[in-house]
Every structure is written in structure tokens, then in C-alpha cells.
Amino acid sequence: MRAATTTIWIFVTLIFHASCAPSVIKIGAIFHDGCEEDKATFEYAVDILRMNRLAGQLVLEPVIKWVRGNSDGIGTAAAACDLLEEGVAVIFGPKSPYTRPIVSSITARYSVPHIEYAWRPMDESTLQSTTINVYPHSESIASAIAVLTKAMPWTQFTAVYETDDGLTRLQEALKLHGPKDSPITVRQLGSGPDYRSLLKEIAASREVNILLDAEQDNVIEVMKQAQEVNLMKDYHTYIITDLDLPGHPILKTFVNSTANITGFSFLTEKRDEISEALGFQVKIEAALLYDAVMLFNKALEGLNVANAETDTPLKLAPTSLKCDAKNFYSAGRNLTDAIRSETRINELTGPILIDKSGSRRNFELDVIEFHLDRFVTIGVFDDKEFRVTRSAKDRQEDIEKKMETTFYRVTTRLGPPYLMLVTDGSNRGVQIGESRYEGYSVDLITEVAKVRNFRFQFELVPDGNYGSYDEVNKSWDGLVKRLRDREADLAICDLTINHQREQAVDFTMPFMNLGISILYMKPEAEDPDLFSFMRPFTTEVWIYVATAYLGVSLMLFILARVAPGEWDNPHPCNPDPEELENSFDLRNSLWLTIGSLMQQGSDILPKAPSIRMVAGLWWFFTLIMVSSYTANLAAFLTTGKMGETISNVEELAAQTKIKYGLLGGGSTSIFFRDSNSTTYQRMWAAMNEARPSVFTKTNDEGVERVLSGKRGYAFIMESSAIEYNVERHCELMQIGGLLDNKGYGIAMPPNSPYRTSISKAVLTLQERGVLEELKTKWWKKMNIETVCEKEDAKSDADELELRLANVGGVFLVLMVGCAFSFIVGILEFLWNVRKVAVDEKVTPMEAFKGELRFAINIWAETKPVKVAQSSRESSSAPGPGRMGRAASAARSLVGSFLRLDMLDNFEKDNASNSKSGNQRND
Ligand code: GLU
């Protein structure tokens, strides 16, 4: 009985021990020489699990095998078989790409899980049935690198890799580059340790964007050498493909470098804790091994818990397996499956979830930037996506902080009023080389620097150009080139923002708005023309009028002779006259036509229908001519301007007399070159064909050409420059409006981090009115010798008033006409004297004296008629001649004042007088 009791007790105790004593599960690991840190981390992980073990949980016991060489396949196979024989439930490692496939094959054969923790190239991506790789899948890493590269504001870059594996990691990023993008360069680092010659070549190519894939231990060395060859300066941007950028604390030695370094961080903060416990910095693979142990343990515990709830528990503890026997680990497949889909942990390398093929595809990578003196997380890559997590505001604040310590190189070019030499020896402006310069650009940058608190130094752009793109050489010149070469941080002058430049460099908000227009001479004031009253008609028209006058007079005369209606009875009382008379002799015809041309009419008027018709037409002609003359006269009398004039670009384009040109290589020439408008295209063609060339090197040269061109040259330039020159050269003016609208901006190298800050500063200056003040100062106040009289100040009334000079010609004609008629009068008088002398048989002198005495006796209102003359006339000149000299004298005296009936009475009196003898009328 006692023996039976003892047996039962022993049995119960055994059962109790079996259920309460921890079950030990051996886990194997194979390391090559040099992996001591991995081994220590592995053991540490097991220790941690042991320490945190809860009742009922399994206990892991590490079994470690060392294989000397990285490529010792036989040694590795032996180590794996040894581990299987010792009865391990899993084998971790080895890390070497040469030996781990051997372990994979062996473990697969015996259904023992195998966990890898090193990077696996893409072409080896198919894992054995029991293998799991906790290193992120190579495809996912390549895609993370590609996504980050794409997220960078790069148009071109140089990819530098060290190993073939590195090149495969970069493949996806290289594929992103389309055929239309700028060329990218791919370079291999070489065997090292001196990479300087390659890095120097990259520096010489002016590349600033570098995608670097180097072995983890080499990254810092490459960066150090890059710094030595000036490849770690402002605007140099690096992406380092290493998954553990903060794992290079030595990177902080580049704190003074202004280069921007971006990379990934894969490890969580727990790494620091474990590193401290272990006494060394846990690297990425050691961290992955740690996580692999945790992952395996979780899967194992999962099955262990499941065992407790089932009637058919799995035998989790492996038995000893022999490599030459047909045996296998019965729970191995279950363990592999558990790890491959259900098990999740979040330890040193973030969340781990293995897919069914045994790969780790879902993982998170922090994207970090080495900024100033610290690492800043700027985003997260997860599941093929890059999410920016750092706010734009934080980023901006960092940049503004950095600006305060940055010394800016400002490039510019000479040209008034933006930058001009200080010639009076004073200390104004800024020092550039040996001389001092001042101007709008200097003041503007000084104001911007005050807002943003930075220091600067000016330099003159070596080639003096603004910046144009050479399509043949595919290169820029001038200020734009300087920025693109990162030889300057800012470019300021009258640099126009245009589409092509926008692609090449960055611009701030415009600080001045303008457009293209035409600079030309003002119309010159014309010397008043005495004969401007002749100008309403051209000489040709005057000649035609005179010809028409003579022609019509002649026609009147001839028609009057043939028209019976014009032959009148000289004595209406005599119903049967012997002779008829015609009043339209040549003189009267000329008199009628001139009378109507002068709008005065005439005392003799036609009666015959044909003559009336001619006279009517002539009056119609004179009506139109006189009206046209009068309508034009005022305009011609008042216009005081002359010379070729244009009032807009269309008129300029339509003529060929005035040559026109512009500044070569500037944005204005680009505007004309690329314009779709037919007018501008025509103008561009005309400018290119013009000889000598109409293009200038500077705006000043263009202004000089307009001034000296005697109204034969117009310069197409920007309105701001026109405004400046018009203030200083009163003879110049802007013609027409603006052909376009654009602005000047401060330019910076492409993707400059300072663009937003400087733009904001420009906006602040605009809001404070500083920009306006600067413009007034440099346009309207500085360097002005004479202030131009404003055109519109003159009143319209002033313009319309006619001065003597405008109408002097009419006076002149009157005077000359009067003088001529006086001479004619004298000739008539002398002719009469001669006649009187002959008739009265006195000497010419006596006759002259007598006639003169009578002429100057202004009280004598009537003149006696000579008897002999009268009687002779009355007897010898009957008929039409009977009207006689006295009648014609009377006619010419009374002219048009008397009507014909009065004349007839006078003629009658005259006739009766002559009949009644030698009477003299008083
Ligand atoms: N501001 C122009 C430029 O940036 C130069 C002057 C012009 O082309 O009229 O190219």
C-alpha cells in the first residue's frame, strides 16, 4: 500500500513538474566572423524575453554557431545541420548572401523555420518555403528611394552607387526619369578608399543634386571627401539611400555645411535604449535580428496558447533532426505560417507584418533631413506613399533662422538707375571691387536685408548680360548662368520675369511692374510758315485751280461771243440799233470768274443759257474749293509740329522710314522673337534684316541712338526705362501704350529655399510704400539736371491762338498786291499823261504836272473831260465804243457799288453832254 502511495505521489509530482516547469525551446543562429554585435543583440533579445516571461510561456534558449568566412558554404551547411541535430525550432541568419541560401535549403527540407535579417537582391526575391526575411523587400526599398527622389524638386541629378546591389536599389529612381527630362548621370564610386577624383568630376560638372548609395560604413567617408572637393556647399542636395541616416552621428560634423542631406530613418527610439544597455550603437541589421527574435517568439507563443485550448496540441518542442535522415520538425510549417501572416509586432524597426511569401513589404520609413545641427523628420514613407509631416510653417521658420547666419552673394549688372558708379568720391552705396556703386538695386537689397536680417555682398556679373538661353549650346549666360552655377545667391537689376527664365531660376514676387513700349523723339516745334495759308492745297492743286480759272474765263469769253443772248442793244431806246454789244470781253470774263472765286460776285452777269451754265458750274466749283480750303485752313495755320510721326506700334511696323531696334539678348527681344502676333513677327524680321544692326548692347546705347538719330530711329524698350529716360531727356517721349505686362523680380538659384522668405520681404516693402519711395527717389529725384516742361500743361487755347507768324503771309500778299497795284496805277497815270500831252499838245511835263496837281488835290471830286478827246470819241467811236473812256472810268470808279441802270443813266448823260458841245463837267 505504501509503495503504491509513493508511486502515485511520484507520478503526480512528475505531472505537476511537467505542467509547471518552463518548456525550453532552442533557437539557433549562425554568425560569420565580424558579427559579434549581431550575436550580442540576439542574446539580449532572448534575455529580454526571459525576463519578461509570464507563467506558462515557453523559454527560448539560444544556440549559436560561428562560421568563419562569409562565403564558407560547407562550414555553414555543417553549422545548420549541427543546429538541427541539437533540436532548434528556428535558425536565424547567417547574414552573408553567399551562405544564407544554403541554410534556407536545409531548413526548408526539414520544415524548420529560417529567419533572415539582411538585404536580399531583387533577383533572389523568391524565398524557400520556410524562409522569412525581416529586412524590407528590395522592391519596396527601391520604390521608397524612387518616391523620395521624385518628391525632391530636382530636374536633374547624378546617381552615385558603390555596389551592384546599390545600383539595383537605384533602378526605380532611374526609371522615373522620362525621355524629356534633363539628363541624369550615373557613376560608380570605385573601390576606394579615395573617391576624390570621381567626386571632383561631379563637382566640375556643376551638379548639385546627388543620389548616393554607398555601403553603410562608407557613407561618412564619401561625404567627407565630397566636402573636401566642394561638393557639400550651398544648394548641394543629397539623398542617401541608407535606411539609417541618424545611425551616422558623425554626420553632425557637417553642421557648418550648407548642403541639404535627406535620407531615411527606419529604427524607432527604442534603439537608443537597447544601444545603451548593450554598450554599442545597434545597427540596422542587429535591430532587425532583435525584431526577428521577437517575431518568432510571438508566433511561438501564439501556437502555445492555441495548444492549451485544443485537444490535439502541436508538439512545439523540436526533436533532434539529422541531415542525412528523412525527418522533419512537425510544428515547423505551422510556425512558418504563423509568422508569415498573422503575427504583428512593433519593436525596433517599426511595425512588422510578413506577407505570405515570407517578405516584409509593409513597413514605415521616416524621411529625415539633416538640418542645421539636427535631424528633422519631414515625412513618412509608408505603403508606397510619401506623406509630408513637417509643416510648411516649421520649415519656413527654420529657413528664416538659417538666413540670419547666411552671407548672400548678390550678382548684378551696371545700368542706370539700378547700379551706377559713385563718381564724387563719397562713401555712398556699396563697395564692388575697387569702386563704390549706388542705385535702386543696392537700396532694394539693403531694405530686404533689413527685413530678413541677413548680410550680403555685391558682385558684377562677368559678361554683363541679363540672361538668355542659347538653344544650340543649351546654356545660359549672364545673371541667370551665375545663379545656375551657384556662384551667386541672388540676382537683382531690371531682370524681367519671363517663362523661360522661370524654368531656369527662381524669382520672387515682382518688385516693379512694366511693359514694352517705344521710345522716340517728341515732334519738333515748326518755325511758323509765312505762306501756311497756301498749305491747305498742294502746289499741284493751286496750279490746277489757276488753270481752271484761266480755262473757264477763256471759255466764257468764247461762248459769249457765240451766244446770241449775250449781244445787247447798246441803246435800249433805239429799237433798231445798228450794232450790238457784248459785255463779256476777255477782261470782263476774267473779272467774273475771279470775282466768284473770291466770293465777291461781279457786276456783269451772263444772260445766255450756255454762259449761265458755265458760270453756274464755276460757282459750284468755287463753292467746293473755297469750303475745302476754309475747312483745312485753320488746321494748317495752327499746326506747329513737323517731322515723321508715329503714334503706336502698328504705325511703326507699317512704315520703313524710321528704323527701330531693341536691346539684344534681353527679354524684349525674346518677346518679339517668340510672339505669335503677325505685327511683332514682321517687326522682328525687319529688325533682323536691318543693316547696320538695330540691336544694342545696353539701354543707354539705344537711348543715345534715338537722340542722335534725327528722328530716324525708335528704340523699343521697357516702360520703366522709358520713364527714366524721358525724365532726363526732354526731347524724348513714349509712343503708344504697353505691348505686354510683366515685372522685375529678384532671382535665385533653382529651388532656392529662400524664395518664400525674400518674396515675403518684397511684399512687406511694397505694403510699407518703400518700393514706391525708392522708385520716386531714383526716377524723379536723383541725377536730374533739368526738369522737363510737361506737355499737357499748355492749354488748348494757347495751342489754337494764331500768332502774326502764322498769318503773316496773308499780310505780305496784301502788301505786295497793294504795291503792285500802286505800280500799275502809276503806269496807268503815266500812260494817261502821255495821252493828255499828245491830245492837248502840251509837253509831257506840263501834262504830268497838270494831272499830278489834279490827282493830289483831294478836294476835287470831279475831273473835267478834254473836249477834243470827247468830241473825237463821240464822232469816231460810235456803237460799243461809245461807252467811252469816261464811262469805263466811271465804271471802274463806282465798280460794283452802282447798279447797271445807274450806269446807263450816266452813259445817257454823258452822251447828251457830248452832243451839247464842248462842255466840261465839274
Ligand atoms: N529687362 C530686360 C531683361 O531682363 C532687359 C531690357 C530689355 O530687354 O528691354 O532681359
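Since we're looking at a predicted model, the values are computed, not measured. When a ligand or atom number is given, it counts from 1 through the structure's own listing order.
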Tell me whether S669 has any N or O atom under 3.5 angstrom from an N or O of ligand 1.
no
Would you find more than 12 non-hydrogen atoms of other residues, nucleotides or ligands less than 6.0 Å from K150 atom NZ?
no
Could an N or O of ligand 1 be found under 3.5 Å from any N or O of R501, whether backbone or side chain?
yes
Does Y744 have a non-hydrogen atom less than 4.0 Å from ligand 1?
yes
Between the side chains of D494 and Y466, does any donor sit under 3.5 Å from an acceptor?
yes
For atom NZ of K775, decide whether the heavy atoms of other residues, nucleotides or ligands shown that lie under 6.0 angstrom number more than 12.
yes
For atom 3 (C) of ligand 1, the closest protein heavy atom turns out to be S667 OG, 3.3 Å
Closest protein heavy atom to atom 6 (C) of ligand 1, given as residue, atom name and distance to 0.1 Å
E718 OE1, 3.6 Å
Should the ring pair Y235 and Y754 be called parallel, tilted or perpendicular, given that the plane angle runs from 0 to 90° and is split at 30 and 60?
perpendicular
Identify, by atom number and element, the atoms of ligand 1 in contact range of G666, meaning under 4.0 Å from any of its heavy atoms.
8 (O), 10 (O)
Mark yes or no for whether R482, through its side chain, and A488, through its backbone, hold a donor-acceptor pair below 3.5 Å.
no
To the nearest 0.1 Å, how far is atom 1 (N) of ligand 1 from its closest protein heavy atom, and which atom is that?
D494 O, 2.6 Å
Parallel, tilted or perpendicular: ring planes of F456 versus F454, cut at 30 and 60 degrees:
perpendicular
of all protein heavy atoms, closest to atom 9 (O) of ligand 1 is T668 OG1, 2.5 Å
